[in-house]
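The structure under discussion appears below in the form of structure tokens.
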4 protein chains.
Amino acid sequence: MTDSTRAGKRERLAGAAVRVLHEQGVEKTTLADIARAADIPVGNVYYYFKTKDQLVEAAIEAHGRQLDTMIGALEELPAPQDRLKALLGGWIDQRDLTARYGCPTGTLASELDKRDDGLDRAIATVMERLLDWAEGQFAAMGRADARELAVALIAAYQGISLLTNTFRDPGLMAMEGRRLERWIDSLA
Amino acid sequence: MTDSTRAGKRERLAGAAVRVLHEQGVEKTTLADIARAADIPVGNVYYYFKTKDQLVEAAIEAHGRQLDTMIGALEELPAPQDRLKALLGGWIDQRDLTARYGCPTGTLASELDKRDDGLDRAIATVMERLLDWAEGQFAAMGRADARELAVALIAAYQGISLLTNTFRDPGLMAMEGRRLERWIDSLA
Amino acid sequence: MTDSTRAGKRERLAGAAVRVLHEQGVEKTTLADIARAADIPVGNVYYYFKTKDQLVEAAIEAHGRQLDTMIGALEELPAPQDRLKALLGGWIDQRDLTARYGCPTGTLASELDKRDDGLDRAIATVMERLLDWAEGQFAAMGRADARELAVALIAAYQGISLLTNTFRDPGLMAMEGRRLERWIDSLA
Amino acid sequence: MTDSTRAGKRERLAGAAVRVLHEQGVEKTTLADIARAADIPVGNVYYYFKTKDQLVEAAIEAHGRQLDTMIGALEELPAPQDRLKALLGGWIDQRDLTARYGCPTGTLASELDKRDDGLDRAIATVMERLLDWAEGQFAAMGRADARELAVALIAAYQGISLLTNTFRDPGLMAMEGRRLERWIDSLA
DNA sequence: TATGAATGAGTATTCATTCAT
DNA sequence: AATGAATGAATACTCATTCAT
């Protein structure tokens with residue numbers, strides 16, 4: 001059954017938006033771009049989202065849910081340091097995509113912070129959830145400085161994503177990823 | 001006294017562009033915005049830059065020169081680890097600006113990578129110079145893994161700039177900055 | 001109890017249209033506005049009216065019938081000058097609504113005359129009926145210039161409605177209404 | 001010399017807007033309509049007016065100035081009742097235009113009152129000036145009820161304009177105009 | 001060179017009307 | 001008939017770029 005139900009189309013639009021916004025950025029992406037990617041007539045988009053901003057917001061939420069799912073899957077692993085390293089592994093696996101378009105969360109955050117609407121807050125909560133989860137892992141490892149470590153880890157990931165993207169070199173992500181793995185091992 | 005010579009106007013435009021592009025981002029900034037900031041009539045801009053892209057490129061170069069100057073000033077310090085920590089200190093001092101607008105190099109790199117013109121390469125060379133300089137310092141410290149450490153340092157800075165900006169919290173930069181200082185000390 | 005028969009829904013739509021068109025004007029009113037006011041799904045409207053124009057036409061007719069009813073009620077009064085003064089009284093009673101939205105007949109006439117469809121003729125017939133009735137009263141008062149007087153009376157009402165609406169001042173209608181009462185008395 | 005100066009074009013636009021808005025109404029008139037009437041490319045309109053509303057406002061002001069000029073010319077006449085009758089004469093002379101499009105002031109007032117922006121206030125001040133002037137004339141005739149008479153006169157004009165337009169019958173304006181002349185004479 | 005003005009391609013958004021179920 | 005959804009033709013507005021003087 002194709003996604004032709006109402007809910008299905010909303011999701012299809014949000015999903016297409018996640019993809020296209022990651023690839024092109026918010027400002028360079030037109031509603032028509034997203035509509036085309038979702039194979040939906042432009043006029044129809046407005047049946048689901050009153051404004052472009054609302055669609056972007058939905059995309060942010062959809063992206064946040066993807067991230068939550070990914071994080072949730074890591075909970076299967078028993079040891080917190082293994083969970084963190086699995087996260088790193090995921091990032092490394094995505095290095096080609098990152099080299100092309102950067103980290104979706106980071107590029108969105110960077111771009112949306114230039115705006116005065118509430119979208120910058122929406123992406124901030126996604127980033128926050130990632131940070132909180134990492135903090136939880138470091139805390140489970142018995143670290144009193146869990147928050148600081150979480151900030152360091154996520155910052156390192158965001159930074160290396162930016163460099164990987166800037167130099168279009170997936171190797172950077174691989175190299176820094178391995179370094180971070182060793183760093184995590186050293187903390188246990 | 002404002003400079004009204006040809007070269008002077010070009011520089012004034014590029015300088016104004018550096019500032020405005022940092023604050024508003026490339027896509028949200030109009031030529032009129034930059035012209036106004038430089039106090040130059042819009043129509044006149046085209047005698048100095050054939051296209052908006054060329055002006056952005058000049059802004060990137062001007063920003064690169066500012067960075068080179070800053071780095072050059074660090075060479076006064078005798079010990080490489082002191083130079084690196086002075087760099088960190090400068091970043092920490094800028095934390096309020098970073099909380100508002102992010103790192104100028106990073107936000108430009110992030111935004112320009114979404115484009116297919118050559119501007120992404122221009123900003124990459126600026127980032128490269130920063131990376132090379134940091135690598136030089138670590139090498140002077142006798143580290144064989146100087147490149148890897150340089151990547152880690154610059155990534156950490158870019159990442160914490162992004163988080164500082166996303167959460168509009170200068171404290172994040174201060175906290176991570178201190179952590180990086182300790183890290184550098186540990187490498188000596 | 002709302003009527004869900006075919007004729008009932010048609011009337012409900014036309015009635016809602018009368019109200020909403022009076023408040024918002026024809027051009028600013030969307031089909032969705034009217035459908036919402038009538039509590040009928042938009043898509044369903046087209047089973048009762050092929051086009052928006054037809055719905056507006058039905059609204060004009062419904063408004064005409066309301067006016068006929070109002071006029072019919074005045075026939076109870078034995079003396080024609082009393083009937084005319086009762087009409088005036090009704091207008092004065094409505095002055096708050098008029099201050100907000102103007103005379104429904106007049107505002108419709110004004111707006112529809114800008115259009116080339118037949119709707120301007122539809123509202124003209126409503127106005128005509130009012131004029132004819134007034135003429136009849138003046139004739140019953142024995143006036144040979146009954147048509148002229150009728151035109152003067154209705155014009156005065158339309159004009160004072162416009163001023164009352166323009167200045168949002170119900171007092172204007174009250175003042176002019178009393179003046180017109182004295183005028184009618186002077187004609188007997 | 002053609003009106004190719006900056007001020008000239010602004011005026012040309014406002015003037016064209018007065019005409020087109022009178023003929024088509026505000027809502028039915030597109031910016032392109034006005035631009036075409038002024039023989040100016042659409043994009044260029046925005047060099048002179050930031051929004052359609054601002055252009056409409058300029059049109060209202062331009063119309064107000066036309067009215068002021070017309071009224072000013074009446075001041076040549078020594079007797080106030082002659083001034084009022086000259087005003088009536090002017091209205092009667094315009095009866096064909098009125099039959100087609102109504103009174104420009106009245107139709108604008110009627111339409112703009114349906115909106116919540118400030119334009120309804122702008123047209124109200126124009127109407128107010130007309131009212132004040134008429135009041136002044138009746139006062140000069142020694143009438144204590146000058147305001148009431150002014151309201152009655154302007155209302156009569158607005159109302160007969162509406163009827164003239166609704167029935168597309170210039171004869172109505174002529175008939176009522178003559179009646180109003182006699183009425184003015186009766187007040188002296 | 002300098003400058004205000006002109007141009008036109010593009011973008012978000014609205015809405016009457018139609019379609020599919 | 002009923003209804004949510006689909007469609008596409010407008011329309012206001014923006015902005016890089018070019019023109020005229």
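Quantities reported herein were computed from a predicted structural model and do not represent experimental measurements. Order of the sequence lines fixes the chain letters, A, B, ..., with proteins taken first and strands second; residue numbering starts at 1 for each chain.
- Residue D:Arg10 contributes atom CZ, which lies 11 Å from atom P of E:dA5 at whole-angstrom precision.
- Note on A:Arg121 versus A:Asp113: salt bridge recorded, some NZ/NE/NH1/NH2 to OD/OE distance being below 4.0 Å.
- Comparing E:dA2, F:dC13, F:dT17 by their nearest atom to the side chain of D:Lys52 picks out F:dC13.
- Map A:Ile40 and D:Leu31 each onto its nearest nucleotide of DNA chain F; the residue landing nearer the 5' end is A:Ile40.
- Side-chain contact of C:His63 with C:Thr105: a donor-acceptor pair under 3.5 Å is present, judged by distance alone.
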Go through B:Arg12 and B:Asp39 one step at a time and tell me if the salt bridge (charged side-chain N to carboxylate O under 4.0 Å, His left out) criterion holds. CA-CA 9 Å; B:Arg12 227 165 75 209; B:Asp39 197 30; 5.0 Å; no
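- Comparing E:dA2, F:dT17, F:dA2 by their nearest atom to the side chain of B:Tyr48 picks out E:dA2.
- Across the protein-nucleic acid pair, A:Asp39 atom CG and F:dT7 atom C1' stand 14 Å apart, rounded to whole Å.
- Atom CD1 in B:Ile34 sits about 13 Å away from atom C1' in F:dC15, given to the nearest Å.
- For the pair B:Lys50 NZ and F:dC19 P, the interatomic distance rounds to 13 Å; values are reported in whole Å.
- Distance from the side chain of B:Thr51 is smallest to F:dT17 among F:dT7, F:dT17, E:dT18.
- A salt bridge does not link B:Glu27 to A:Arg115: none of the charged nitrogens lies less than 4.0 Å from a carboxylate oxygen.
- Side chain of D:Asn44, nearest nucleotide from F:dC13, F:dT17, E:dT7: E:dT7.
- Ranked by how close their nearest DNA chain F nucleotide is to the 5' end, B:Thr30 and C:Pro41 are led by C:Pro41.
- The separation between B:Asp33 atom CG and F:dC15 atom P is 8 Å, rounded to whole Å.
- A salt bridge links D:Arg168 to C:Asp120: one of the charged nitrogens lies within less than 4.0 Å of a carboxylate oxygen.
- Atom CG of B:Asp117 is separated from atom C1' of F:dA16 by 14 Å (rounded to the nearest Å).
- At whole-Å resolution of the value, CZ in C:Arg36 and C1' in E:dT14 are 13 Å apart.
- For C:Tyr47 and F:dA2, the shortest distance from a side-chain N or O to OP1 or OP2 is not below 4.0 Å.
- Where C:Lys28 and B:Val42 each meet DNA chain E at their nearest nucleotide, the meeting point lying more 5' is that of B:Val42.
- Pairing for F:dT21 is with E:dA2, a Watson-Crick or G-U wobble pair whose two hydrogen-bonding atom distances lie under 3.5 Å.
- Taking atom CG on B:Leu55 and atom P on F:dC15, their separation rounds to 16 Å, with Å as the unit.
- With F:dT18, E:dT13, E:dA6 as the candidates, the nucleotide lying closest to the side chain of D:Lys9 is E:dA6.
- Contact annotation: A:Tyr46 does not reach the phosphate of E:dT14 (side-chain N/O to OP1 or OP2, under 4.0 Å).
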